[in-house]
Number of protein chains: 2
Amino acid sequence: MSQQRNERPLKPSADFPDLPDATVARLPEYLRALHELSRTGNDVVSSEGLANAAGVNSAKLRKDLSYLRSNGTRGVGYDVAQLIEKIEHVLGLNQHRAVALVGVGNLGHALAGYAGFGTRGFHIAALFDADPSRVGEEINGLVVRHIDELAEVVAEEGISIAVIATPAFAAQPVADLLISCGVTSILNFAPCVLSVPDNVDVRKVDLAIELQILSFHEHRKSTLTALPGTVVGS
Amino acid sequence: MSQQRNERPLKPSADFPDLPDATVARLPEYLRALHELSRTGNDVVSSEGLANAAGVNSAKLRKDLSYLRSNGTRGVGYDVAQLIEKIEHVLGLNQHRAVALVGVGNLGHALAGYAGFGTRGFHIAALFDADPSRVGEEINGLVVRHIDELAEVVAEEGISIAVIATPAFAAQPVADLLISCGVTSILNFAPCVLSVPDNVDVRKVDLAIELQILSFHEHRKSTLTALPGTVVGS
DNA sequence: AGTTGTGAAGCCCTTCACAGCA
DNA sequence: TGCTGTGAAGGGCTTCACAACT
């Protein structure tokens, strides 16, 4: 059931304040902005400055950071290095996480080769496909393995996060298999709903859906500019 | 400023009721589910049935559809074909929209070859890159053109939506160029914030961010299971 | 009998505005 | 003086629960 957003069935622990989902979703963006600030020689940043770099407003940023028992200095701002450390800790990025990628088609290929993962706390530890003609291919230094080997590899590598980049029809069985092997977080690129137990988290990325949402805004914009006399509702 | 979600600076028109953003974001998922239902021979579906197929609850679905001046039949359900028609109209998918893709690297390649776009109301009409060594390459029947030709092609093809799949450092100048050519919707895969005028809509997809959000949940789960005395909520 | 459409309640998130602190 | 941290207010979305309708 746990589909995109909205789920927090467990109690917070001392180490993990019960962060609002909206906040969790923004922390990675703050982290990216902080790394950039750090790279460009900023040791300290104000909420206003960081908020701009992350594309949010400063009150929201401060509220978000306050959930982390924040440690800004009034009158000064936040220590960049310290805040990076804190957010990485909260997100659990200190242990470099191994990720399995299933489905080495068009998109899977690109994801396997995406350099951005490595620099941001992840590495693709194994590639799988069901198609024997793809098994054995080497991508970015990794050999594609048959999906039958999944259980073995997941155990060996201590994998708990997987990416599904298969066609839609294969996604549910692949998810079931992953879960049976102990995977508890899935990033799903297949255009379909996955049903999974409550303890498994799923996030979905659907490229066509993103375009359709933009299409709506295009449509609305063109409709409105075409109707000069339109009057406010309500 | 208009970054992800939350923006509706314009007035609603008669044709376009002022849909909540959350609703707009779900309509494409309903549409996908409806197409699948249609393909499997369902002419009519209840809110419960469609909600399951789309991974939401039925009250939310009904509320969403009510914004479209819905036309379900009490005691029966919704006519699948009619609802598809209506949602496609609202999303502006009746006119097949041409999309420009900028940046034909790893990810850009995959997006250019992604078959899912064509079947869901879009086609990639042109590919661009700044790297001369990539210009001229043919991908999926389209030739990669140099970004200097962008203005010309955007005008010719009537493009208003673009996808940015460049490295982060190139994304802002590319966005500026696109906007100067008349593009008003951008799907940004580069890991950075774009600043754009109010009339331009941006949606961002950042693969590392999705994984980091999952990482948080993994971290939380492992922290909690490590504390034996923790009790389940509600 | 069965299902939609929808006021009303509740929850979560955002934003405001300022007290508190360096 | 300047910026953070936060109670309180406000807004939007979800969920409930039932009236309306076929």
Side-chain angles (χ1 to χ4, degrees), chain A residues 1-9 12 17-27 29-30 34 37 42-80 82-83 86 213 233-234, chain B residues 1-9 12 17-27 29-30 34 37 42-80 82-83 86 213 233-234:
Chain A
M1 285 288 95
S2 58
Q3 199 71 10
Q4 204 97 322
R5 303 214 152 219
N6 278 14
E7 63 228 55
R8 208 157 344 105
D18 192 20
L19 304 179
D21 288 332
T23 297
V24 172
R26 282 187 295 266
L27 290 179
E29 191 66 50
Y30 301 156
L34 284 164
L37 286 166
N42 297 274
D43 293 342
V44 171
V45 66
S46 68
S47 63
E48 190 70 26
L50 180 52
N52 284 344
V56 302
N57 90 26
S58 65
K60 194 188 292 188
L61 173 80
R62 287 200 301 279
K63 182 72 91 179
D64 283 342
L65 295 185
S66 79
Y67 293 117
L68 311 184
R69 302 187 200 81
S70 51
N71 33 16
T73 309
R74 294 172 201 235
V76 179
Y78 300 90
D79 182 288
V80 172
Q82 200 174 315
L83 195 47
K86 180 156 245 165
I213 294 170
S234 66
Chain B
M1 286 287 95
S2 58
Q3 199 70 9
Q4 204 96 322
R5 303 216 150 219
N6 277 13
E7 63 228 56
R8 205 154 347 99
D18 193 18
L19 303 180
D21 288 333
T23 296
V24 172
R26 282 187 295 266
L27 291 179
E29 191 66 51
Y30 301 157
L34 284 163
L37 286 166
N42 297 274
D43 293 343
V44 171
V45 66
S46 68
S47 64
E48 189 69 27
L50 180 53
N52 283 344
V56 303
N57 91 26
S58 64
K60 194 188 292 190
L61 174 79
R62 287 200 301 279
K63 181 74 89 178
D64 283 341
L65 295 185
S66 77
Y67 293 117
L68 311 184
R69 304 189 200 81
S70 51
N71 33 18
T73 309
R74 293 174 202 235
V76 179
Y78 300 89
D79 182 289
V80 171
Q82 200 174 314
L83 195 48
K86 180 158 246 163
I213 295 170
S234 61

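Protein chains get the first letters and strands the later ones, always in sequence-line order, with residue 1 at the start of each.
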Using a cut-off of less than 4.0 Å, is there contact between a side-chain N or O of [X] and OP1 or OP2 of [N]?
X       : N      : value
A:Ser47 : D:dT4  : yes
B:Arg62 : D:dC16 : no
B:Asn57 : D:dT14 : no
A:Tyr78 : D:dG5  : yes

Whole angstroms only, please: what is the [atom1]-[atom2] distance between [X] and [N]?
X       : N      : atom1 : atom2 : answer
B:Lys60 : C:dG5  : NZ    : P     : 18 Å
A:Asp79 : C:dA22 : CG    : P     : 16 Å
B:Glu48 : D:dT15 : CD    : C1'   : 14 Å
A:Leu61 : D:dG5  : CG    : C1'   : 12 Å
B:Leu68 : C:dT4  : CG    : C1'   : 14 Å
A:Leu65 : D:dC3  : CG    : C1'   : 13 Å
B:Asp21 : C:dC12 : CG    : P     : 21 Å
A:Asn71 : C:dG20 : CG    : C1'   : 17 Å

Evaluate the side-chain proximity of [Y] to [X]: yes if any heavy-atom separation is below 4.5 Å, no if none is.
X       : Y       : result
A:Leu83 : A:Leu65 : yes
B:Lys86 : B:Asn71 : yes
A:Leu27 : A:Leu68 : yes

Point to revise | First of B:Arg74 and B:Lys63 reached from the 5' end of DNA chain C, by closest nucleotide | key: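 Result: B:Arg74.
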Review point. What is the minimum heavy-atom distance between B:Arg62 and B:Ser47, and which atoms define it?
Key: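 That would be NH1-OG, 3.0 Å.
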Check your understanding: Between B:Ser46 and B:Tyr78, what is the shortest heavy-atom contact and its length?
Key ->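 Result for this residue pair: C-CD1, 4.4 Å.
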Exercise for review: Remember a base hit wins even if backbone is also touched, and classify B:Asp64 as base, sugar-phosphate or nothing at under 4.0 Å, heavy atoms.
Suggested key: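 The residue B:Asp64 makes no contact with any strand.
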Exercise for review: On DNA chain D, check which nucleotide each of B:Thr23 and A:Gly72 is closest to and give me the residue with the more 5' one.
Suggested key: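 Between the two, 5'-proximity favours A:Gly72.
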